[in-house]
Each structure stands twice: as structure tokens, then as C-alpha cells.
Amino acid sequence: MIVRGTSTLMKSRIQALILDAARQALAAGALTTDQFPEVLVEEPKNEGHGDFATNFAMLSAKTQKMAPRKIAQALVDHLGDGDGLLERTEIAGPGFVNFFLQPVAWPDLVRQVLAADHAYGTSDIGAGEKVQVEFVSANPTGPLHVGHGRGAAVGDSVARILACCGYDVQREYYINDSGRQIQTLGRSVYLRMRELQGEIVEFPSDCYQGDYIRDLARELSAAEGDGLREMDEAAAIGHCARYAARSITDGIRRDLENFGVRYDRWFSEQSLYDSGRVDQCLNDLKARGIVYAAEGAWWFKTSDLGDEKDRVVVRQNGQTTYFASDIAYHIDKYQRGFDRVIDVWGADHHGYIPRMSAAVEAAGHGRDRFQVILVQLVNLLRGGQPVAMSTRSGEFVTLEEVVAEVGADAARFIFLTRDYDSPLDFDLETAKQKSNDNPVYYVQYVHARIASILRKAAEQGIPSVTWAQRAGERLIEAEEIQLIKALARYPEVVAMAAHSLAPHRIPFYLMQLAALFHAYYNKHRVLTDDPDLTMGRLCLVLAVQKVIRNGLGLLAVGAPEQM
RNA sequence: GCGCCUGUAGCUCAGCUGGAUAGAGCAACGGACUUCUAAUCCGUAGGUCGCAGGUUCGAGUCCUGCCAGGCGCGCCA
């Protein structure tokens, strides 16, 4: 793993030392085999256990056929000091080797952070792999609600994290602008228009009930009501459908932009039909016997590929199902050259995964190239009380309303401060609070506070913060070393978030870093009478500020200069 | 009935893919502002990691079986 700007990062240096010691020990006959496990280095929770520790000896016990503590001893006996990096080592517990670093080894990391700046935390672990992240993809039949907001925050953040780690990422929104629901949308608008024109119409319960349908009807009526009256009903409904879908899609795009989310591509489902790719795909699958006719319909043999039963792709009435266009869509994704496709779905769609995976596999792509992030549902609360949400009745709180009430930063942070595998209670009152119940401000406050220090420093005649060895050497307080260690961890946190598609690691890391900073701030002054000490501390807090900014950037949350 | 997700402090949640004495915030209690922003900090208290087995040097983490909650199980999307 190459982590830019941190190739001399402590952990990898320790790993190298351990591996080297193991080889030396083997050469000296102190070990029995070169079957070494992966060298795992961790930071012990307990400070008494050193700066780093490895469980190499325990993991090797079986293959080496030796007692763990004896292996540990062999390692320690052949360990170099890493050019003065190590102060001492010890063997502890069942066979841990604990490493204690020279305290002076840490401040240089501040220099590295400052030098890397925006690039600190970026890496090449993605190696340019082409990844597509498709998220939200809500049907253009109504405005986005909070659940979509969670999906948007997760999808966008995953994309940012992957891009940060050297993946070639594309964000895409799939517009379901075809099919029966769009017809229903058109009919809903059409009927509301006739209502506006004074007709008494019975509005069916399976039509979209929300007020936004009336708004659309009003707009359309004002713009081209006359023309529509002259059309026959079917043509008018079709026209209404296209108008409404386009208008709602525009609204969705605007809401997402206000939420900090931009897509590289908006992909139309209808375009798959227009270009004949759905038919082409079905014919191809029929030719291969994967799609077969039965009971007057066409079925996909998903049961051969792990699904519990076969699925219909063309109904008895000749109409395709959504599954049919989804197959064509996903095949198209791979044809566009993506090595990996990530779909972000609401948890209520989880039953769809086996058949989609089956389709991807049938198209000749490995299952590891298709990943679904299932985002659990959002319970919207106000002051602890559930807020009624029902798409059917049209009574729901839209994403736009939530963003207007609590702000995009707070909303995004809350969405991302929970594992998407867990359901989320989103309390509007809590989200508005500027307290520690609402950690986005806690983290942003660090950035603002440091900005304030830097302004003050400039007033006192220190216009720029520049690293100097003798200044860095003054960073010896325990809180300072702790802060630097936290900074050192950042690139790994990002890499891990990318590897396990776990954006929530970023906010948790930032909260931890913020806590260390606030504690430091309360205990020590940055601006002192001692120029070297002051410069050393300015370097440190500037490095903290940069990491906070970089981290918040992965969440698309702002880093304010003042609050 | 079957499948997926969840179950960790009073509440909301982490727990780095199996490591050493399980953490944070809120709420509670007690402290700290003539100082670079108190949207902050320090301290106290709070636990049978849903339950029971199993795997091994070692389990909140992995496997099995239960229990509870959420979501799904259509020729709907």
C-alpha cells in the first residue's frame, strides 16, 4: 500500500522492521520456517503497551511450531532500531511485541502533513480501477425525502473516498423515466388539470396524491393548456407524463445540488428502450437459453444462479418488467468499461440483490464486480416523536425541507455518522441544536478555532507558518504527541473506509481528532512568548486544520473560518 | 414460513475484519471563562456486549440454535 506523503509512515516502518527481524531470526536459526503471516501492526488502546504492537508471534505459533513468547523473543533479538526510531521494545502478555518510539520521532509527521497538504490522506490503493457509484436513482414521480438524503450522502461520500484513494470514480443517477408509474404520473397531472378547468373528476387512489401534482398541473395548464385540450386523452397523458417527469427530475437535481451532490451522468431508462438495447439484451439471453418462455411470459433463469426462483422479464401482456431494463442497464455499465459497479439501494430493495447479481453473473461478469450498499431506513423524529411519513398520501417531509431547516452540513454529518447497516433516527430538533449532541459543529469548531489562532498570529507579526526543525523539536507535550499520532492515523482511516466502503469511519475519526484538539487547546496556549515553541505549535495546529478540512471534504461538509 | 439487517451504559451510537483492562457523545452530578472563540475543557458515576452452546492461546467480533425489533418475500416499482 502506497500512501502518498506518508511513505515513511510509522506503521509501515514498524512492519518493515518486524519482517526484517523475522528474516534475520530465520537466517540465524532462531525460527523454523519462512512461512510468515501478514505482519499486522496496531496501536494498543493502553498506552502502557507502547506506541505500536504486533501479534506476529501468536499468529506464527502454529507454522513455526514454537511457543509465541519464544518467537517474540527471536524477533526482539534480531530487531534493528530503525535508524534510531525505536526507544525500546518489550514482550508482553501471550506474545505481543510492544514498540516504544523515541518521542522525537513524531514531530516530523507534522512536516509531512504540511507538505502534503490537500494530498495528505490520498493514496494509490485504487490503482486507477474504474468504479461506478450509482445512488439515489429515485423515481421521478415525486420529490426526494429524507431516506433519499441518506442514500445521497452515503453514495456521494463513498465516491469521494474512493476517488481520494486512487480509484477512477463516476457518479451516476438512473432515471426511471419509463413504464407504468410514469404513465400514472401523467394521468395524475392530467386529471388535476381537468379539475383546474372546473371539471368534477374522481381522483383515483392509485394516482399520486401530493400537492406537487397540482402545482405541475397549474404550470402546465398555464403554459400549454389549450394545446392539451385538443389532444386525445392518451396523447395528453403522455405529454403530461413527459413534462412532469422532466420537471420533477429537474427538482431532484436541484435538491441534490443544494445538498452538495453532483453527478457525472444522468442515465435515462427510456434511452435503453429507444436505442433497442433492452430488446437486444433479451434476444441475446433468449438465444443463450437463459431467458425462456413459460406460461405465456418470458422468464430469466435466476434460480440457477442463487436466486430462490426464476423471474419474469416480459409479462403475458407483452410488457417488460423493470428487471428487464435493469439487466440491460447493468450490462451497459460493464460495456462502458467499469471494473466495478456499486449500487446504493434502500434496504427495502434487498430482495432484489440475488436476481441482479444473477443477471450480472449471467452476463459473464464476476460477482465481486457488483456490490450493493444497502442503506437502512430513516426514521424522522421531531423532539423524540415520530413524524408521519407516507408517500402514498403525499404527506412526507422532503429532503429540501430538511436541508432548509437543519442545514446541509448537519444533515450530511448525521447521515454519515452511522453505519448504513443500522437504521437511523433522525431528530430534526437535535439536528438543529448547536451542541455536542450534534457533532458536526464540534468538528467544524476545531477548524474555526484554528483559523482564529492563525489570524491572531498574523496580527502578532507571524504572517506565515513554516516548518523548522528546531520548532518541531519543541512539540513534546503528551497532548501534542497524541495529536500527532492521530494525524498519522488519518491516511489509514481513509484507506480502510475505501476498502470496506464504510464512510462512517471518517466522521468518527474527525470527532476523535476534534476531541484531542479541544483538550489540547484548553490546556496549552499556541501563541507564547517563545518564538520556536509558538512556531512548533502553529505547525501542529495548522496540520490539524488541514486534516480536519480534508476529512470534512470527504463528507462534503464545509470547513468554516469562523463560527 | 423463508431471506436480509439490527440487538453493546438510562438514550443515540462506535468498536480498526480475532487481541491485552469494551469506548465516545447526550442525559445526571461536581468543577474551569481578566487568556488564541465556553458551539470548549476537566472530573465522578454508569456494562451479564439479547440468551445458550461451539471454534482457539484469546470471541463484542467467527459458527450453530433460540429470543426480540425493523425490512422484504408480485407477470409492482
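Predicted model, so just to flag it, every value in this text is computed and none were measured. In what follows, chains carry the letters A, B, and so on, assigned in the order in which the sequence lines appear, proteins first and then strands, with residues in each chain numbered from 1.
Contacts between residues 323-330 of chain A and RNA chain B, defined by a heavy-atom separation below 4.0 Å, involve no residue at all. Contact check of residues 529-552 of chain A against RNA chain B (heavy atom, cut-off under 4.0 Å) returns no residues at all.
Within the structure, a side-chain polar atom (N or O) of A:R505 is placed less than 4.0 Å from OP1 or OP2 of B:G15.
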Sort me out a list of protein N/O and nucleotides 67-71 of chain B N/O pairs below 3.5 Å, or just none if empty.
none

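For A:Y174, the ring-ring contact (aromatic ring centres under 6.0 Å, His included) criterion is met by A:Y329, not counting sequence neighbours. Taking the side chain to side chain donor-acceptor pair (under 3.5 Å) definition, one finds that A:E477 meets it with nothing, sequence neighbours left out. A search for side chain to side chain contact (heavy atoms under 4.5 Å, CB included) contacts involving A:K456 returns A:E459, A:Q460, A:L527, not counting sequence neighbours. With sequence neighbours excluded, the residues satisfying side chain to side chain donor-acceptor pair (under 3.5 Å) with A:K432 are A:E405.
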Check your understanding: So what is the 5' to 3' dot-bracket string for RNA chain B, if pairs are Watson-Crick or G-U wobble with both distances under 3.5 Å, crossing pairs use [ ] and | means the partner sits on another strand?
Key -> (((((((..((((.....[...)))).(((((.......))))).....(((((..]....))))))))))))....

Under 3.5 Å, sequence neighbours excluded: what are the donor-acceptor pairs made by side chains of residues 505-519 of chain A?
unit_1	atom_1	unit_2	atom_2	d
A:Y509	OH	A:A486	O	2.6
A:H518	ND1	A:R449	NH1	3.0
A:H518	NE2	A:Y442	O	3.2

Revision key, fill the gap. Letter by letter from the 5' end, nucleotides 22-36 of chain B scores (B base, S sugar-phosphate only, - none; protein heavy atoms under 4.0 Å) ---SS--------BB

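Counting only residues at least two apart or in different chains, salt bridge (Lys or Arg N to Asp or Glu O under 4.0 Å) contacts with residues 539-552 of chain A comprise A:D117-A:K546, A:D117-A:R549. Here salt bridge (Lys or Arg N to Asp or Glu O under 4.0 Å) pairs that include residues 510-530 of chain A, with residues two or more places apart or in two chains, are A:R474-A:D530, A:E479-A:K523.
Residue A:T141 is out of contact with every strand shown, counting any heavy-atom pair closer than 4.0 Å.
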